[in-house]
Amino acid sequence: MGLARRAHVLATQALLNLGITEKNRESAAAALTYLAEGTEELDRHEAEHEPSTMSRRLRRGILLCTAGAHVVQGRFTSAAEELDETAVLAAEAGGQFHGVLVTEVRGQLHLRAQRYPEALVCLREALEQFEAEAHRESVASTLSSIGQALSANGDEPAARAAWARALPMFEAQGDPRARELAERLGPTC
């Protein structure tokens, strides 16, 4: 890969990472700004070069994160459209990881839209795949979301069990969500 191509890829990856960080902070507007810049950088790259495996992966990541930012904003129709597009691209690529991420974000969409049974179906499916791949960060995050859906659906004991499973993973990762879960679980955990 030439220096110019590498620079485009690195710039796009950096903008995607900034978008992910801002989305995770629930700063959707900032996330969308970075993701739009990443899309522009990727479009410039692909105007000059044949799309590579890496540029396709970055495009899926940008679409997925954009969907997540739209979920945070409550723009569920936009998020669903981006998730559908990401699912098609992931299927074409033959990779399963972006596919499971689509399922997880779709669960987040249902959770935010207060469609708890649908959220639980998606989140449990994603959890099963994350556990099979031993992707601990995603396992912890998905368990936390399952706990939220269960709690909102009135099943507090099951919610607490999901959060109790997520807590040591968050603690091991140094994730700030560990403190929130510890407070939610109280001194009995």
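In this text, all values refer to a predicted model and were calculated from it rather than measured experimentally. Reckoned from all heavy atoms, side chains included, excluding hydrogens, waters and symmetry mates.
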Show which side-chain atoms of residues 117-125 pair as donor or acceptor with protein atoms under 3.5 Å away, not counting sequence neighbours.
none

message = Using a 6.0 Å cut-off, check whether atom CZ of Arg179 has over 12 heavy atoms from anything other than its own residue.
response = no

inquiry  = Taking salt bridge (Lys or Arg N to Asp or Glu O under 4.0 Å) as the cut-off, I'd like each qualifying pair that reaches into residues 95-111, sequence neighbours left out, listed once.
reply    = Asp84-Arg106

message = Quick one, Gln13 with Leu16, criterion side chain to side chain contact (heavy atoms under 4.5 Å, CB included). Give me CA distance, side-chain angles, the key distance, then yes/no.
response = CA-CA 5 Å; Gln13 183 67 59; Leu16 173 57; 4.1 Å; yes

task = Go through the structure and list residues passing side chain to side chain donor-acceptor pair (under 3.5 Å) with Arg59, not counting sequence neighbours.
result = Asp43, Glu46

message = Within the 3.5 Å criterion, strictly below it, is a donor on Arg112 or Gln73 matched to an acceptor on the partner's side chain?
response = no

request  = Taking the side chain as every heavy atom from C-beta outward, state whether Leu109 and Arg115 have any atom pair closer than 4.5 Å.
outcome  = yes

query = Any idea which heavy atoms bring Ala182 and Leu167 closest together, and the distance?
reply = N-CD1, 3.9 Å

request  = For Tyr34, look at atom OH and say whether over 12 heavy atoms of other residues, nucleotides or ligands are found less than 6.0 Å away.
outcome  = no

His98 side chain near Arg57 side chain, heavy-atom distance below 4.5 Å = yes

query = So, do Arg56 and Leu89 sit near enough that their side-chain heavy atoms are less than 4.5 Å apart?
reply = no

ask   = Looking at Ala162 and Ile146, what are the two nearest heavy atoms and their distance?
value = CB-CG2, 4.3 Å

query = Does a side-chain heavy-atom distance below 4.5 Å link Arg44 with Glu40?
reply = yes

Residue pair Leu143 / Trp163: nearest heavy atoms and the distance that separates them = O-CD1, 4.3 Å

Minimal non-hydrogen separation, Ile62 against Gly38, with atom names = CD1-C, 3.7 Å

query = Can you check whether Val139 reaches Leu127 side chain to side chain, under 4.5 Å on heavy atoms?
reply = yes

ask   = When clusters are formed by joining ILVMFWY residues with side-chain heavy atoms under 4.5 Å apart, either directly or through shared neighbours, do Met54 and Ile20 land in the same one?
value = yes

inquiry  = Which label fits His45 and His8: parallel for a plane angle under 30°, tilted from 30 to 60°, or perpendicular past 60°?
reply    = tilted

ask   = If you round to the nearest 0.5 Å, how far is SG of Cys65 from CG of Asn24?
value = 7.5 Å

inquiry  = Under the rule for side chain to side chain donor-acceptor pair (under 3.5 Å), what residues qualify as partners of Glu82, not counting sequence neighbours?
reply    = His70

message = Under 4.5 Å between side-chain heavy atoms, counting indirect links through other Ile/Leu/Val/Met/Phe/Trp/Tyr residues: same cluster for Val100 and Leu83 or not?
response = yes

request  = Using side chain to side chain donor-acceptor pair (under 3.5 Å) as the criterion, list what pairs up with Arg177, not counting sequence neighbours.
outcome  = Ser141, Asp175

task = Starting at CZ of Arg60, measure out to CG of Leu63 and round the result to the nearest 0.5 Å.
result = 10.0 Å

request  = Identify the two heavy atoms, one from Gln173 and one from Ala140, that lie closest to each other, and give their separation to 0.1 Å.
outcome  = NE2-CB, 4.2 Å

ask   = Which of these, Arg184, Arg160, Glu156, sits in a side chain to side chain donor-acceptor pair (under 3.5 Å) with Ser151?
value = Glu156

request  = Quick one: closest heavy-atom pair of Ser144 and Ala166, and the distance?
outcome  = N-CB, 4.1 Å

query = So, do Leu111 and Gln148 sit near enough that their side-chain heavy atoms are less than 4.5 Å apart?
reply = yes

message = Would a single hydrophobic cluster contain both Phe130 and Met169, if residues Ile, Leu, Val, Met, Phe, Trp and Tyr are joined by side-chain heavy-atom contacts under 4.5 Å?
response = yes

remark   = d(His110 NE2, Gln108 CD) to nearest 0.5 Å is 11.0 Å

request  = Say whether Phe76 and Tyr116 are linked into one hydrophobic cluster, either directly or through other cluster members, by side-chain heavy-atom distances under 4.5 angstrom.
outcome  = no

key: Partner of Ser55 by side-chain contact (heavy atoms from CB on, under 4.5 Å), out of Thr12, Val9, Leu42   = Leu42

request  = Sorted by first residue and then second, give each salt bridge (Lys or Arg N to Asp or Glu O under 4.0 Å) pair with at least one member in residues 130-153; sequence neighbours left out.
outcome  = Glu131-Arg165

